[in-house]
Every structure is written in C-alpha cells, then in structure tokens.
Protein chains: 2
Amino acid sequence: MTPQSDGGARTTPARRPTIKDIARRAGVSESAVSFALNGRPGVSQGTRDRIHRVAEDLGWQPNSAARALSGERSGCVGLVLARPAHTLGVESFFLQLVSGVQEVLASRKVALLFQVVEDIEAECAVYKRWWAEKRVDGVLVVDPRSEDPRPELLDSLGLPSVMIGAPAEGGRQVSTVWADDSAAMASVLAHLHELGHRHVVHVAGLPGLAHTERRITSLRTEAHRLGLTAIRSVPTDYSDAEGAEATRRVLDEAVPPTAIVYDNDVMAVAGVAVAAERGIKVPGELSIVAWDDSALCRVTHPRLTALVRDTSGFGRLAAEELLAQLDGGPVRSLQAELPHLEPRESTGPPAP
Amino acid sequence: MTPQSDGGARTTPARRPTIKDIARRAGVSESAVSFALNGRPGVSQGTRDRIHRVAEDLGWQPNSAARALSGERSGCVGLVLARPAHTLGVESFFLQLVSGVQEVLASRKVALLFQVVEDIEAECAVYKRWWAEKRVDGVLVVDPRSEDPRPELLDSLGLPSVMIGAPAEGGRQVSTVWADDSAAMASVLAHLHELGHRHVVHVAGLPGLAHTERRITSLRTEAHRLGLTAIRSVPTDYSDAEGAEATRRVLDEAVPPTAIVYDNDVMAVAGVAVAAERGIKVPGELSIVAWDDSALCRVTHPRLTALVRDTSGFGRLAAEELLAQLDGGPVRSLQAELPHLEPRESTGPPAP
DNA sequence: CGACGGTACTAATGCGGTTTAGCTCATGTC
DNA sequence: GACATGAGCTAAACCGCATTAGTACCGTCG
C-alpha cells in the first residue's frame, strides 16, 4: 500500500441542470416543463417542442432521487446472489443471465442493484433492508429452493418479484420464470439410452435447490419408464471438488456407470479430468454430459456434449416479466424455451 | 410462455414508517429525530435514547431517495463491465472481485449498481447518465486501457472513482488500485528459467489493456536481462477460442516453445486441451502457466501451475479506497499484494 | 351578451429526509 | 438584577420532481 499522490482540490464540475433551469430558459413554469417532459397533456405542441429542445441542450436527466421521492418509483431492481464466497465465479450461468437481464433493463432505463451474500438468511435481510429503504421497485430471485422462505417474505413485503428457475408455487403473489428441467432431463436420458447406455449416474447439484429436485425426480421417472434400474443421482455442492470426488466414488464401484450426467459445466470438466487421471477413455469407456454449455465445454479434450439453454434469453424473459409486473401486470408463471442437447465428442456408445 | 395464474389483488403491505411517525410517538419534533438518529448534537442523551428506541420499535430505515435528495449522497456506487456478450461468464476474476467489493460496501450500507455493456463507449455513456441522474456517488472502473478515455471523463464529471488494475496516470483526479504485474511476470519467467526453459511464449490478453501491456513489457525486459532471445508475446482477446488458436500456431512453428504462459485461466485450459489433442505431454514436452488461479486450474489434468492473487482482497481494497475518497480522502494510488506463483503439475523441466 | 367548456398554463403542495435559523429557559457572571 | 451564554428543542426552508388545484383566455352556443 503505497500512497503516491495526495490529489489536490478537485475542480468543481458543472452543476447538474434541473427542471427549474429549463423552465427559466424556456420562459415557462416548472410544472409545464414536467408535463412536457413526461408526455402529459396540458402544454401546446409548440412549447412542448421548445421545452424538449432546451432540455436536450442542457443535457438534462431527471434526478433519480427526486423522481423516486415523488414518483413512488426508484427505477431500480435488485438481484441478490447467495453463495458462499468459495463457490463463486466459475460458473458461466450467472453472468450470462445478468447480461440478458441488463439488456432489457437498460432499454427501459432501469438500474440493477446487485449484491452478493453468504447465505439465504443474509439474502432475506437484504430484501428487508431494500424494502425499508425503498431502494428497489422489485427483485429478481435466483436459486429457488424446495423449501423456500423467500416467496413468503417478498409477498408479505409486497415487493414485486420474479423467481428465476422455479415453477409456480401455490398462493404466493410472486411471478416465476422457469425452464422445463424434467423434459430436458428426459431428453438427456433418451440420448444416452439410444446410444446403448443402461447404467447412468447423475452427479447432481445442491439438493435443496428446486431445479435439482426436479431433475432428480425426472431422472427416476424416466429410468423407470425405460425399464432401467441402475440409474441414480448423487448430490454435490456444484463445486469442482465435489464433482471430482463424486466421480471418483462412482468409478470405484464394483460396476461403474458407462455414462455420467453432470449438473453444471464445472463439474463435468472435473469429471473429464478424473477420467484422464485414471486413463479412462472418453467417450470410449465413459460418456459425459454437461448441463449448461459454456466455453469450458469446448476447451476440454474431448469437447463436451452439453445441454444448451439460452441463458441470456432466460434473463431477458425474467426482466421483461418483472417490468411488466411493475407496470401493473398480473403475477404469472412463464416457461422458457426448452433446453436442447448439443452432442459433441464426449458421448458415444458404451464399451461392449 | 404459459400464463398460469393471473394473480389477484395484492394485499397492501405495511406502510413504511417515516421520521414523522417516530417524532409523533416520541413526542418531539422531526428535526430532533433527525439529529438523534444521525448522531448530531442538539438533543439530550435521554431523548436521544428514547428516539432510538422508538425508531428500533418501528423498524425504521431512512428512505434512500429522500436522503439522497437532501443529503447529496445516494448511497450507491457503480460498476460497469464492458464486455462483448460472448466473452462473458467464464472468467473467475470478475465475480470474485465483486464479492470482495461487496463485503466492504455492505458493511457500510452502500449499494452496488451493476451494469454490463458491450463496449467502452457504452460504458462512458452509462457514467454520464449515472452522473446526470445523480444515481451514484462514485464508481469502480475495471479493465483499464493504455489509451483510456475514462479517467478524463470521470474527472470532468467530478465523479469520484477508483481504477482497478492500473498504476497512477498523470494529472487525473482518479484513484488507482493495482497489482505489480511486472514483478509477477518476472517471477514467472524466473521460475521457468530455473527449470531450464529458454524458449517461452506468452499468450497475452487484449493488447489495449494496460496490464497486458505491462506484462508484455516486463517479459521483454526480463528476457533481455536473462539473455534469452526466443521469447515473445502473442495477443488474443482472452477467449478460449483465440487461446487455443494461438497455441496451435506457436506449436506449429519450426522450433516450438517449451513453455507457454497464458494471461488467464480459460486460455490456459484451452492450451492444455490443444496439447492433449496433439498428444503433447504436459509438462514433459510442454510446460504451462496460468495467470490467475481458479477452480479451472485444479480440474484439468494435469493441474495447472498458476499465478495466484487475492482477487477478492483486491476488490476489498478498491472498495475501501472509493469509500475513503467519498469521505473526503485524497486521490491515491495503492498497490495490492504481489501475486505469487503456485507450482502444480503443469510445469517441469523441458525435454532434453 | 353572458354562461359554458376547453385549452394552455401557473401556483402550491407533498414526498421524507437534512439543515439553518430561531426560540425558550436555566445557569453563570459581574 | 440585568445580561450574555449555551443547551435543548422547534419551525421552516430546501433538495428536484410529480401532481393537484386553480386561473386566464378563448371560442361557442343558446
């Protein structure tokens, strides 16, 4: 830590123009300006144009605090990510989601308040604070759980919100946007079944998460339907470490699986590494499928067969839905496009 | 898209308590409440305590808009990430940085406004808008460039800011927080030199970025000092695709390098994959070093020797510095802890 | 020709805080 | 006992915008 320059006086920058400045320059009252700039009736077309010109000239933008204070809208939506610090930052899902969200929000001049916390309790605390401070108009909620306290909390606060990734839950006034994990899992299993696999392991993500549960259930149902018995899910925390560990465990079993489905890209890559370390050929002796595509799936050797979904499109959908709700739209449950399987080099027929 | 429930009337939630409510309940004026809650003089200890108790009871939190409007502080800082959508989301650096930033901000109840945009022009536009809307009190700026328009812009707006990753630049009233890439690069080259490598290629990141330039310069200087001539940098855009492509190119040369240093983890992993695809043994025939450690470096086989830095600590430092500046502190240039090399399995002596 | 209705605008108020100015009363001072 | 002092509190202005309640003016119609 080396202080280097102590910085002198900062020159005072241009003062922000206000409605008053516009009013003076245009020779009208402040209210006229407000009407004109907000497209309200009560000003002639002539003055309206003049006001717009002056505002443009001055580079005026509404002061967000003032607007929030009078208009009852802060122009912000919130997004909290509850993840223990060490699991942060490898998965591609999240930033892509956010980039989709932003596209929509930015076009409507809505800002995104973002916060990373350790766990779900802290997450709830953030919602309460944001609500009390009137910081956000609504929130996007990720990582829905099977026993989730958040819909109830958000409902009681009356904070408009969209749950990303969960189907509708009974009774709560919370919109949801979700992908059909069940169908997707079925398509993955069908692909492997067609190739001839009869013994598949699903290295799942966190058990508490709703979509994990859906995938596990779907796997079981489909396996049953296909008459397969040697099929099961093992839980992890989504980390590379547990992904690798789970892989080692199942490969050590008396009858190891011929295919493994991983619940995210990071674990799938870890699985490839474990196979490499043991000299197990992929896909010759072991087929691997990654849930969620990303650059990762393309940098491994062999490149990974992956379940591709339009993550940023998912984010866009969620953001649209939240904005619609803020505009007084109904609470709904929307389903995103079905993920599709992109076969690459990591899946093939099992060894005879 | 399947609308499912149309949501009925939302029950009106509890009204947010205001200072007025506290004043009434405590039997004092609103100003007294404001003084008490902000630790200003002008109220006796007795009333002060009483007011605090009432505020606590009511669960009062200051309305952020109101406070921003009168207090000249929005309680928000901004962070813009300018990346083309397709390069988003693999690198671990960013989310870790943010998690460090948040730790500090949250403890001071400052919110983080986050925005993803396509390029640096859009980024500048966001700063201008945030300034005009008075949305943020300051900003954190990432990915500094060698010819960077942002310090000048931020300076002219008078928006307090901290550049993350660049050493101080002449004249601008912008703080900086940076790591000594030059020394780090020197340590990497020393490691490889000790192992016996004489022909090293540096697969660099985007040429425009300041730290890329520093690493390239340092590599050249150090190579010269060590009397090595077969050493050079090749530029990429940080993506897995270009990392792989660059690797193929240099391995195709008449005299291929015996070691490659990659400017991020993703490209290093891509490099490993290219080696695997060609049957080149790592580290037997090719040593690989990754700049920045992450789960990725541990899931490859072999695990990657990496340059470790405390990214979230870096974020903390930057956030601290920005807050200090908002509190009237001087503009400074701070240096973060020196990254250190973590030798793993991907580096070894070159083939004889 | 005066009441009427509509248009184009202004004045005034409020949002929830912060801050300045002022007011009251007890105390100390000479 | 008159007067300055300061502690403890209140009233009022203000931040920048949205909104509601007027007001002035004009044309129209009975």
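Below, all heavy atoms of this structure are taken into account, side chains as well, without hydrogens, waters or symmetry copies. Residue numbering restarts at 1 for every chain, and letters A, B, ... go by the order of the sequence lines.
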Ring center gap for A:F114 and B:F94 short of 6.0 angstrom
no
Please list, by residue number, the residues of [range] whose heavy atoms come closer than 4.0 Å to an atom of DNA chain D; answer none if no residue qualifies.
range	answer
residues 44-55 of chain A	none
residues 33-40 of chain A	A:S34, A:F35, A:N38, A:R40
residues 23-32 of chain A	A:S31

Between its two end axes (five pairs each) the helix from C:dC1-D:dG30 to C:dC30-D:dG1 turns, nearest 10 degrees, through 70°
I'd like the 5' and 3' limits of the part of DNA chain C contacted by chain B, with heavy-atom contacts below 4.0 Å.
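Nucleotide range in contact with chain B: C:dG16 to C:dT20.
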Interatomic distance, B:W131 CH2 vs D:dG16 P [rounded to whole Å]:
12 Å
Using the test side chain to side chain contact (heavy atoms under 4.5 Å, CB included), find all partners of A:T47 that sit at least two apart in sequence or belong to another chain.
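With sequence neighbours excluded, A:T47 shows a side chain to side chain contact (heavy atoms under 4.5 Å, CB included) to A:V28, A:V43, A:S44, A:R50, given in chain and number order.
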Output all residues satisfying side chain to side chain contact (heavy atoms under 4.5 Å, CB included) with A:R25, sequence neighbours left out; order by chain, then residue number.
A:V54, A:D57, A:L58
Closer than 4.0 angstrom, basic N to acidic O: yes or no for B:R108 and B:D327?
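Yes, this pair counts.
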Going by an N to O cut-off under 4.0 Å, is there a salt bridge joining A:E133 and A:R135?
yes
Decide whether B:Q325 and B:S175 meet the rule of one side-chain donor and one side-chain acceptor closer than 3.5 Å.
yes
Name the nucleic acid region contacted by B:L69, choosing base, sugar-phosphate or nothing; use a 4.0 angstrom heavy-atom cut-off, strictly under.
base
Please enumerate all residues that pass side chain to side chain donor-acceptor pair (under 3.5 Å) together with [X], with sequence neighbours excluded.
X	result
A:D49	A:Q45
A:R67	A:N38
A:E123	A:Y127, A:R150
B:D143	B:R83

ring-ring contact (aromatic ring centres under 6.0 Å, His included) involving A:F35 - partner list, sequence neighbours excluded:
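None.
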With side-chain contact (heavy atoms from CB on, under 4.5 Å) as the test, would you mind laying out the steps for B:Q115 and B:R129 before giving the verdict?
CA-CA 12 Å; B:Q115 179 122 21; B:R129 190 157 55 78; 4.1 Å; yes
Roughly how far apart are A:E103 CD and A:E320 CD, rounded to 0.5 Å?
9.5 Å
Closest-nucleotide 5' rank along DNA chain D - winner of B:K134 and B:G42:
B:G42
